[in-house]
Student: 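What follows is a single structure, and I will ask about it in a moment.
Whatever order the structure lists them in is the order used to number ligands and atoms, beginning at 1. Just so you know, these numbers use all the heavy atoms, side chains as well, and skip hydrogens, waters and symmetry mates.
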Amino acid sequence: MIYTVTFNPSLDYVVQAEQLVPGEINRTTSEAVYPGGKGVNVSVILSNLGLESTAFGFTAGFTGKALQEMLLEFGAKTDFIPLADGQTRINVKINAGQETEINGQGPKITETAIQELFEKLKSLKAGDVLVLAGSIPSTLPENIYEWILMCLKDKDVKVVVDATKDLLLNVLKYHPFLIKPNNHELGEMFQTTLTTEEEIIAHAKKLQERGARNVLVSMAKDGAILVTEDGEIYKKQPHNGTVVNSVGAGDSMVAGFLAGYLNTGSYERALELGTAAGSATAFQSWLASREDIVKLLDRPYSEYQI
Ligand SMILES: Nc1ncnc2c1ncn2[C@@H]1O[C@H](COP(=O)(O)OP(=O)(O)OP(=O)(O)O)[C@@H](O)[C@H]1O
Ligand SMILES: O=P(O)(O)OC[C@@]1(O)O[C@H](CO)[C@@H](O)[C@@H]1O
């Protein structure tokens with residue numbers, strides 16, 4: 001079974017506008033509300049690719065109810081923990097020539113609610129996959145991802161972590177199956193800017209030295225590089241298309257990669273499906289459908305389902 005955890009899910013209010021002028025009334029040319037949050041997005045794309053998952057997380061207020069209802073409609077299974085106070089955040093995504101995002105803080109997660117999550121995680125078994133993705137509310141301890149990995153360390157669960165800075169660095173000693181920094185985040189972890197492929201590969205290997213098994217570095221319009229635990233390096237050029245809204249491209253890549261790997265056992269196929277899913281999402285106003293992804297694949301979709 002695949003599980004995703006999103007500590008701070010959201011409703012994403014995605015708008016298109018001709019321009020965005022600070023201090024003025026700006027009018028949209030289109031707007032829509034979608035379920036959001038990185039783990040939630042991974043669950044939606046997995047579902048689009050025919051893989052069932054359960055989305056864990058915390059929800060609150062009427063926005064939390066709406067999030068749950070929308071996910072049900074999209075066919076993603078949820079097991080959210082309701083919080084008594086606050087509201088699930090509404091994150092604003094503005095596409096007006098360039099992309100601007102305003103992400104909320106989210107509700108306060110109580111200690112009891114955290115304990116409830118750990119109870120749920122206790123039921124994970126060998127062979128399960130757990131995706132931890134996204135930021136954590138400032139009211140939670142910085143080492144919460146680390147605690148989760150520590151609890152699961154003897155269980156042979158494949159853990160995927162899509163987080164930044166210390167949240168990511170601190171879990172490496174527990175040997176996560178996959179981490180997916182983008183090239184900027186990878187540089188930031190070493191207080192540097194990475195410009196060449198050689199530099200990116202060298203720094204991905206440094207994360208492996210600290211314990212990561214597979215390191216997938218996404219590079220937006222420049223594609224992705226995968227450094228595997230077998231010592232292989234795969235590079236994938238991006239797909240060509242018109243970017244409409246790249247929010248969720250990274251999450252789609254994680255989901256596509258997982259679907260490809262779990263179906264075929266091949267890192268190369270996983271990278272191909274992951275890159276196609278990432279690009280397909282960037283070319284839509286929201287997360288890509290299976291058809292959108294299949295259109296971008298180099299090979300027939302059946303080759304990613306063996
Ligand atoms: N402009 C683009 N053109 C083509 N493909 C893209 C573009 N942006 C993203 N992608 C695809 O999506 C993948 C993930 O994108 P990116 O590196 O932006 O991840 P990210 O920074 O985690 O994104 P986000 O946080 O917005 O979800 C890329 O490796 C690429 O395959
Ligand atoms: O505030 P975080 O947790 O870092 O990111 C949240 C978020 O921007 O990430 C997703 C895209 O990756 C969106 O659906 C969501 O709004």
Side-chain angles (χ1 to χ4, degrees), residues 4-14 32-45 55 57-58 63 67 70-71 88-95 98-106 131-138 140 144-145 160-165 167-168 179-188 194 200 216-226 234-257 260 270-288 292-293 296-298:
T4 63
V5 176
T6 314
F7 277 96
N8 208 352
S10 57
L11 290 181
D12 286 356
Y13 181 57
V14 180
V33 180
Y34 299 111
K38 295 190 194 302
V40 163
N41 292 343
V42 171
S43 276
V44 170
I45 292 284
F58 304 89
T63 43
L67 171 68
M70 281 181 179
L71 285 170
T88 289
R89 60 189 175 150
I90 299 176
N91 290 345
V92 183
K93 316 288 176 180
I94 305 164
N95 299 285
Q98 53 181 348
E99 294 182 351
T100 305
E101 299 183 47
I102 304 173
N103 285 7
Q105 291 190 41
V131 181
L132 301 174
S135 62
I136 53 163
S138 55
L140 287 183
I144 189 88
Y145 278 0
V160 179
V161 185
D162 184 5
T164 54
K165 298 183 195 158
L167 209 52
L168 181 65
I179 57 172
K180 194 220 69 64
N182 67 33
N183 49 335
H184 306 294
E185 292 160 352
L186 180 60
E188 238 172 47
L194 306 174
I200 290 171
L216 173 57
V217 185
S218 66
M219 304 183 300
K221 62 172 181 21
D222 297 319
I225 294 178
L226 173 69
Y234 298 102
K235 297 174 196 172
K236 188 78 187 82
Q237 294 305 312
H239 301 270
N240 290 322
T242 308
V243 175
V244 177
N245 172 29
S246 74
V247 171
D251 314 330
S252 303
M253 168 171 250
V254 168
F257 183 94
L271 178 63
E272 288 169 9
L273 190 54
T275 314
S279 295
T281 284
F283 303 157
Q284 318 297 320
S285 60
W286 188 55
L287 303 177
D292 300 325
I293 297 169
L296 295 184
L297 289 171
D298 306 335

Student: As an exercise, identify every atom of ligand 2 less than 4.0 angstrom from a heavy atom of N91.
Tutor: 6 (C), 15 (C), 16 (O)

Student: G36 and L67: which non-hydrogen atoms are nearest, and at how many Å?
Tutor: N-CD1, 3.9 Å

Student: For G250, state whether at least one heavy atom is located under 4.0 Å from any atom of ligand 2.
Tutor: no

Student: Quick one: nearest non-hydrogen protein atom to atom 14 (O) of ligand 2, plus distance?
Tutor: D12 OD2, 2.5 Å

Student: Between the protein and ligand 1, which nitrogen or oxygen pairs come in under 3.5 Å, and how far apart is each?
Tutor:
residue: ligand 1; atom: 5 (N); partner: S279; partner atom: OG; Å: 2.8
residue: ligand 1; atom: 17 (O); partner: S218; partner atom: OG; Å: 2.8
residue: ligand 1; atom: 17 (O); partner: A220; partner atom: N; Å: 2.8
residue: ligand 1; atom: 19 (O); partner: S218; partner atom: OG; Å: 3.3
residue: ligand 1; atom: 21 (O); partner: N182; partner atom: ND2; Å: 2.8
residue: ligand 1; atom: 22 (O); partner: K180; partner atom: NZ; Å: 3.1
residue: ligand 1; atom: 23 (O); partner: G250; partner atom: N; Å: 3.4
residue: ligand 1; atom: 26 (O); partner: S246; partner atom: O; Å: 3.4
residue: ligand 1; atom: 27 (O); partner: G248; partner atom: N; Å: 3.4
residue: ligand 1; atom: 27 (O); partner: A249; partner atom: N; Å: 3.4
residue: ligand 1; atom: 27 (O); partner: G250; partner atom: N; Å: 2.9
residue: ligand 1; atom: 29 (O); partner: G223; partner atom: O; Å: 2.9
residue: ligand 1; atom: 31 (O); partner: T275; partner atom: O; Å: 3.4

Student: In terms of residue, atom name and distance, what is the protein heavy atom nearest to atom 9 (O) of ligand 2?
Tutor: K38 NZ, 3.1 Å

Student: Side chain to side chain donor-acceptor pair (under 3.5 Å) between K38 and N8: does it pass, once the steps are laid out?
Tutor: CA-CA 9 Å; K38 295 190 194 302; N8 208 352; over 6 Å; no

Student: Please list the nearest protein heavy atom to atom 8 (O) of ligand 2 with its residue and the distance rounded to 0.1 Å.
Tutor: K93 NZ, 2.8 Å

Student: I need the single residue from V131, D162, D251, V40 that forms a side chain to side chain contact (heavy atoms under 4.5 Å, CB included) with T4. Which is it?
Tutor: V131

Student: Identify the protein heavy atom lying closest to atom 5 (O) of ligand 2, giving its residue, its atom name and the separation to 0.1 Å.
Tutor: N103 ND2, 3.5 Å

Student: For M219 versus I200, what's the shortest heavy-atom pair and its separation?
Tutor: SD-CD1, 3.6 Å

Student: Using distance alone, determine whether G37 and ligand 2 share an N or O pair under 3.5 Å.
Tutor: yes

Student: Counting C-beta onward and ignoring hydrogens, is there a side-chain heavy-atom pair between I136 and Y145 closer than 4.5 Å?
Tutor: yes

Student: Give yes or no for whether the N/O distance cutoff of 3.5 Å, strictly under, is met between N8 and ligand 2.
Tutor: no

Student: Which atoms of ligand 2 sit under 4.0 Å from any heavy atom of G36?
Tutor: 14 (O)

Student: Can you list the ligand 2 atoms lying under 4.0 Å from a non-hydrogen atom of V247?
Tutor: 11 (C), 13 (C)

Student: Numbering the atoms of ligand 2 from 1, which are under 4.0 Å from a heavy atom of S135?
Tutor: 1 (O), 2 (P), 3 (O), 4 (O)

Student: Closer than 4.0 Å to some heavy atom of S10 - which atoms of ligand 2 meet that?
Tutor: 15 (C), 16 (O)

Student: Which of parallel (below 30°), tilted (30 to 60°) and perpendicular (above 60°) describes F58 and F7?
Tutor: parallel

Student: Tell me which protein heavy atom sits closest to atom 10 (C) of ligand 2, plus the residue, atom name and distance to 0.1 Å.
Tutor: N41 ND2, 3.5 Å

Student: Please give me the minimum heavy-atom distance between Q105 and P137, naming the atom from each residue.
Tutor: O-CB, 4.2 Å

Student: Evaluate the side-chain proximity of N95 to V244: yes if any heavy-atom separation is below 4.5 Å, no if none is.
Tutor: no

Student: Does any part of the side chain of E99, heavy atoms only, come nearer than 4.5 Å to the side chain of N245, both counted from C-beta?
Tutor: yes

Student: With heavy atoms of E101 as the reference, note each atom of ligand 2 found under 4.0 Å away.
Tutor: 8 (O)

Student: Applying side chain to side chain contact (heavy atoms under 4.5 Å, CB included) between Y234 and each of I225, L271, T275, report the one that passes.
Tutor: L271

Student: Given the rule in the side chain to side chain contact (heavy atoms under 4.5 Å, CB included) test, do Y34 and V44 qualify, once you have shown the distances and angles that lead to the verdict?
Tutor: CA-CA 11 Å; Y34 299 111; V44 170; over 6 Å; no

Student: Measuring from N41:CG to M253:CE, what's the distance to the nearest 0.5 Å?
Tutor: 15.0 Å

Student: Show me which atoms of ligand 2 lie under 4.0 Å from any heavy atom of D251.
Tutor: 10 (C), 11 (C), 12 (O)

Student: Measuring from the heavy atoms of Q105, does anything fall under 4.0 Å of ligand 2?
Tutor: no

Student: Any side-chain heavy atom of K235 within less than 4.5 Å of one from D222?
Tutor: no

Student: Distance check, rounded to the nearest 0.5 Å: E188 atom CD versus L168 atom CG?
Tutor: 11.5 Å

